[in-house]
**Student:** 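Sharing a structure here in structure tokens format.
Counting starts at 1 for both ligands and their atoms, following the listed order. Only a predicted model underlies this, so the values are computations on that prediction, with no experimental measurement involved.
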Amino acid sequence: MREMRRAVCPGSFDPVTNGHIDIVQRASALFDEVVVAVGVNKSKNRLFTPEERIEMLREACAGFENVRVDGFTGLLTDFCAQNGIQAIVKGLRAVSDFDYELQMAQMNASLTDVETVFVPTSPEYSFLASSLVKEVAMFGGDVSALVPDFVHRALTERLSRRPD
Ligand code: ADP
């Protein structure tokens, strides 16, 4: 029997968007198992806690049988080694993503023999980023078509409680 082919979809997912879900679903068709790995490093300013981000992803990915969601700290390549993961799947939205993603892929390849697979974003999501969704929602824009319903509700609720 051949070895299980496992991939990781890493990110901060603050919060998960329909663009993320599209990439996870497409990765799940290519690999035996996909681990969505939520970076829980405390470096960036987040709207949702790691637990909330993981919970929302679990709900978003509940329909995909071979997908599981986990948190990770530290190096992604260490997480891959610990979980028997051979590939990192990243969505590429535009050329502006490419420079940084290429550099990361080459750095990760230099650390271990993990392979990075780039999946082109579906055109309807090419403008979509968690940061922009938060910004638009903060000013009352309608982002309901860009995130799952329960994420939209969580966003509305969280932003209504913020002092500024
Ligand atoms: P980070 O905050 O670490 O940059 P995100 O959580 O925003 O990452 O996204 C995680 C990964 O999901 C990105 O590195 C990218 O590969 C992919 N991604 C993000 N937005 C989209 C999108 N709209 N379409 C496809 N892939 C996306």
**Student:** Please could you name the atoms of ligand 1 that T121 approaches to less than 4.0 Å, counting only its heavy atoms?
**Tutor:**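 Once the distances to T121 are compared, the set is 24 (N), 25 (C), 26 (N).
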**Student:** Answer yes or no: does an N/O atom from P10 fall short of 3.5 Å to an N/O atom of ligand 1?
**Tutor:** no
**Student:** Need the ligand 1 atom indices (1-based, order shown) with element for anything under 4.0 Å from a heavy-atom of E101.
**Tutor:**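 Near E101, the atoms of ligand 1 are 14 (O).
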**Student:** Above 12 or not: heavy atoms from other molecules or residues under 6.0 Å from CD of E115?
**Tutor:**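 Result for CD/E115: open.
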**Student:** I'd like to check whether D14 has a polar contact with ligand 1, where a contact means an N/O of the residue lying under 3.5 Å from an N/O of the ligand.
**Tutor:** no
**Student:** Mark up the atoms of ligand 1 that fall under 4.0 Å of a heavy atom belonging to K90, in ascending order.
**Tutor:** 14 (O), 16 (O)
**Student:** Less than 4.0 Å is my threshold; does some heavy atom of T17 fall inside it relative to ligand 1?
**Tutor:** no
**Student:** Can you name the closest pair of heavy atoms from V40 and G71 and give their distance?
**Tutor:** CG1-CA, 4.4 Å
**Student:** Where does I23 meet ligand 1, judged by heavy-atom distances below 4.0 Å: at the side chain, the backbone, both, or neither?
**Tutor:**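 Near ligand 1, I23 shows its side chain, while the N, CA, C and O stay back.
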**Student:** Given C9, G19, G91, S12, which has its nearest heavy atom closest to atom 1 (P) of ligand 1?
**Tutor:**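 Considering heavy atoms of C9, G19, G91, S12, the nearest to atom 1 (P) of ligand 1 sits in S12.
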**Student:** Does the E33 side chain pair with the main chain of I85, one donor and one acceptor, at a distance under 3.5 Å?
**Tutor:** no
**Student:** What do you reckon, is CG of D32 surrounded by more than 12 foreign heavy atoms closer than 6.0 Å?
**Tutor:**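 Result for CG/D32: enclosed.
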**Student:** May I ask you to say whether R153 pairs ionically with D149, meaning some side-chain N is under 4.0 Å from a carboxylate O?
**Tutor:**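 Judged by the 4.0 Å cut-off on N to carboxylate O distance, R153 and D149 do not form a salt bridge.
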**Student:** Name all residues meeting the side chain to side chain contact (heavy atoms under 4.5 Å, CB included) criterion together with F64; count only those two or more places apart in sequence or in a different chain, and write none if there are none.
**Tutor:**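 Once residues adjacent in sequence are excluded, the partners of F64 under the side chain to side chain contact (heavy atoms under 4.5 Å, CB included) criterion are I21, V24, Q25, C61, V67.
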**Student:** Give the atom numbers and elements of ligand 1 that come within less than 4.0 Å of a heavy atom of F13.
**Tutor:**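 Counting from 1, the qualifying ligand atoms are 6 (O).
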**Student:** T121: what forms a side chain to side chain contact (heavy atoms under 4.5 Å, CB included) with it, not counting sequence neighbours?
**Tutor:** R93, Y125, S126
**Student:** So, 4.0 Å and heavy atoms of G39: is ligand 1 close enough to count as a contact?
**Tutor:**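 Under 4.0 Å: no for G39.
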